[in-house]
Amino acid sequence: ERQEHIRNFSIVAHIDHGKSTLADRILELTDTVAKRDMQDQLLDSMDLERERGITIKLNAVELHYKAKNGENYIFHLIDTPGHVDFSYEVSRSLAACEGAVLVVDAAQGVEAQTLANVYLAIDDNLEIVPVINKIDLPAADPERVRKEIEDVVGLDASDAVLTSAKAGIGVSELLEQIVDKIPAPDGKIDAPLKALIFDSKYDDYRGVVLSIRLMEGMVKRGDKIRLVNSNAVYEVTEVGVNSPDPIKKDYLMAGDVGYLAASIKTIKDARVGDTVTSANNTDVIPLEGYREMNPMVYSGLYPTDNAKFNDLREALEKLQLNDAALEFEPESSQALGFGFRCGFLGLLHMDVVQERLEREFNLDLITTAPSVTYKVDLTDDTEIEVENPSDMPDASQIKSVREPYVNANIMVPSEYVGAVMELAQYRRGIFDTMDYIDDNRVNVKYELPLSEIIFDFFDKLKSSTRGYASLDYELGEYKVSNLVKIDILLNGDQVDALSFIAHRDFAQQRGNEITASLKKIIPRRNFEIPVQAAIGNKIIARTNIKAYRKDVTSKIHTGDPDRRAKLLDKQKRGKKRMKAVGRVEVPQEAFMAVLKTD
Ligand code: GTP
């Protein structure tokens with residue numbers, strides 16, 4: 001029977017341990033893609049993913065594999081991202097699987113996201129197939145890593161597959177283990193339809209296309225379906241699988257992973273995590289959806305060309321469809337005009353959204369520095385929330401300001417505990433507990449201001465622990481802090497989009513740092529530009545950007561025409577990401593300068 005021959009699995013790994021390369025080898029070995037069509041990292045279909053070598057969005061493909069026992073199997077491989085910001089996407093893909101292949105680098109061993117991701121899989125009761133990859137590397141030590149998987153992760157790794165995804169070693173043994181170890185799906189085929197939406201994307205011709213995992217029942221073209229939470233009814237126009245290009249199928253049945261189109265035009269009807277059932281099935285118990293993810297950080301996105309405001313709104317709406325964690329609402333800035341205040345899961349998420357907007361929707365954007373949400377108690381006994389630092393009221397109206405703290409778990413080999421505590425303490429952390437996980441690993445718990453985490457805490461943590469620390473956190477409570485708003489003045493004018501909030505103890509230092517870095521970033525003009533940092537009316541730091549000695553723009557008007565055209569073109573491209581604020585040209589980088597600390 002067909003269902004017994006289905007295997008649904010994800011690959012989870014720490015970033016760079018070789019997940020995408022291994023997926024490529026699996027596609028090759030199962031003849032899903034002819035070798036000549038093979039492009040590196042085929043599952044990473046977004047340009048952005050290929051360029052950066054990171055996986056952001058999950059992808060599902062169907063593969064056909066003839067096992068050594070002579071039987072033909074259908075594999076559904078669902079790719080997952082490796083970065084903390086996207087653990088939300090990881091849990092989405094895992095919910096559609098019975099098993100997970102855990103890839104660990106044979107030289108690096110178990111690392112931060114190995115733990116975070118494998119625990120998500122264990123929580124979902126998935127069968128885990130450990131793989132030790134990159135055995136071709138001179139520094140590979142598979143036996144040490146095997147022991148680490150057992151001691152640190154707590155999995156039996158005695159028959160972990162040794163692979164080199166790069167050289168194509170061990171991949172067929174892995175396919176055999178997938179058949180043997182990962183259970184087949186077991187949903188009833190003759191029951192009413194019940195399917196989980198784990199991804200969706202907008203297609204101009206077919207409407208919203210849903211990626212679904214069928215838990216029970218069947219679905220085919222012409223069926224009337226209902227999306228349970230949004231209570232919307234549609235007629236199915238097409239079902240199929242990606243292999244990796246879409247292939248239409250007559251039907252999908254319990255255990256299958258595939259896509260469904262039903263001319264769904266209303267983007268908000270097609271929520272990821274919702275359950276699909278048949279239209280006449282009104283008493284279905286919805287599948288457990290996904291935990292709602294709340295944005296952790298907010299920043300302003302502004303088109304460099306103010307006329308593109310509506311294009312930006314449309315683009316954000318489309319992106320939100322397959323990025324449920326993205327939030328946005330309109331805002332305006334004196335310096336930047338009309339834009340949106342957007343909420344993100346973290347800095348990489350913010351970066352990725354900005355880049356997707358620019359590439360996929362052809363927009364040029366200015367992004368302001370990310371900020372957390374502050375709760376402010378005013379002297380008139382009201383409370384307000386401030387998501388944009390420039391909205392922070394005048395100090396005379398403020399009774400107290402509270403900021404969000406997170407409960408952070410930091411897992412680290414015991415030799416680095418000292419370094420972790422020093423960093424956490426400096427970042428205003430409040431020590432909670434410390435427990436030994438095993439002989440050499442410790443779980444240190446701290447309460448830390450979220451604003452400290454979103455700056456560069458993770459990078460600092462990584463560098464002070466040789467990359468071994470794994471950080472995981474959840475939003476905790478708000479606590480009163482001695483915070484002040486620091487304004488930045490360029491050429492005497494306050495630039496609202498450059499304001500930021502800092503702890504009073506660090507205000508002077510931050511004021512000095514930011515004026516110094518703005519001095520480096522902002523291009524010179526033919527007049528001197530004072531750069532100042534202020535708290536209220538009090539200037540706390542000041543520097544000057546010197547004027548040009550001679551007018552270099554005159555150079556453009558001389559020389560041969562080719563060179564002149566090139567220069568002008570270069571200037572034009574450079575200008576794209578600049579915003580004129582008064583008489584000063586402010587490049588994109590300047591708005592992020594506040595993030596850099598020493
Ligand atoms: P994300 O998609 O960002 O999570 O990374 P990933 O885990 O998919 O890693 P990826 O497959 O992109 O591999 C990271 C790097 O390791 C690439 O430069 C690969 O060429 C290299 N790599 C992958 N497998 C092997 C291997 O078996 N041996 C060696 N020497 N290098 C490998």
Side-chain angles (χ1 to χ4, degrees), residues 9-29 32-33 38-61 77-94 100-121 128-142 144-146 149 153 160-175 199 244 345-349 351-352 355-356 458-459 462 467 470-471:
F9 64 96
S10 281
I11 307 182
V12 294
H14 186 77
I15 200 152
D16 274 351
H17 282 194
K19 173 168 48 66
S20 305
T21 313
L22 189 65
D24 287 350
R25 289 299 92 76
I26 294 175
L27 295 186
E28 250 175 47
L29 209 74
T32 309
V33 196
M38 197 68 208
Q39 254 177 311
D40 274 358
Q41 307 194 347
L42 201 83
L43 287 182
D44 290 349
S45 56
M46 237 190 272
D47 282 350
L48 190 60
E49 298 183 320
R50 245 185 241 147
E51 267 166 44
R52 294 201 175 188
I54 55 166
T55 306
I56 298 161
K57 289 294 303 172
L58 50 106
N59 268 298
V61 287
L77 163 57
I78 303 174
D79 201 12
T80 60
H83 191 279
V84 237
D85 273 14
F86 301 106
S87 58
Y88 171 67
E89 302 259 340
V90 176
S91 44
R92 274 163 56 177
S93 23
L94 295 179
V101 170
L102 170 69
V103 181
V104 184
D105 183 307
Q108 307 276 310
V110 171
E111 286 194 66
Q113 257 26 64
T114 313
L115 286 175
N117 287 332
V118 78
Y119 288 152
L120 288 175
I128 316 269
V129 179
V131 169
I132 299 171
N133 186 38
K134 305 201 188 182
I135 55 163
D136 59 296
L137 287 178
D141 187 353
R144 176 180 60 87
V145 173
R146 197 192 295 278
I149 296 175
V153 188
V161 193
L162 304 185
T163 63
S164 165
K166 196 171 180 181
I169 299 167
V171 184
S172 42
E173 193 195 331
L174 171 60
L175 297 180
D199 197 11
L345 297 175
L347 293 192
L348 181 66
H349 185 214
D351 226 31
V352 163
E355 239 178 285
R356 289 189 66 186
F458 193 53
D459 293 342
K462 284 286 204 181
S470 112
L471 168 70

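For ligands, and for the atoms within them, numbers begin at 1 and follow the listed sequence. Computation of the quantities below employed the complete heavy-atom set of this structure, encompassing side-chain atoms and omitting hydrogens, waters and symmetry-equivalent molecules. Here, residue 1 is the first one in the sequence, and each next residue gets the next number.
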Hey, does the side chain of [X] reach the backbone of [Y] with a donor-acceptor pair shorter than 3.5 angstrom?
{"X": "R25", "Y": "S172", "answer": "no"}
{"X": "S10", "Y": "I78", "answer": "yes"}
{"X": "N133", "Y": "H17", "answer": "yes"}

Can you list the atoms of ligand 1 that are under 4.0 Å from a heavy atom of [X]?
{"X": "L137", "value": "30 (N)"}
{"X": "N133", "value": "24 (N), 25 (C), 27 (O)"}
{"X": "S20", "value": "2 (O), 6 (P), 8 (O), 11 (O)"}

Per-residue contact class, D136 against ligand 1 - non-hydrogen pairs under 4.0 Å: side chain

Contact partition for H17 relative to ligand 1, non-hydrogen atoms under 4.0 Å: backbone

Any L174 side-chain heavy atom under 4.5 Å of V129 side chain: yes

K166 side chain reached by L137 side chain, heavy atoms, under 4.5 Å: no

Straight-line distance of K134 NZ to D105 CG, nearest 0.5 Å: 4.5 Å

Polar atom proximity, A13 to ligand 1 (N or O, under 3.5 Å): no

Test of proximity, G18 against ligand 1: N or O pairs below 3.5 Å: yes

Nearest-option assignment for atom 15 (C) of ligand 1, heavy atoms, candidates K166, R25, K134: K134

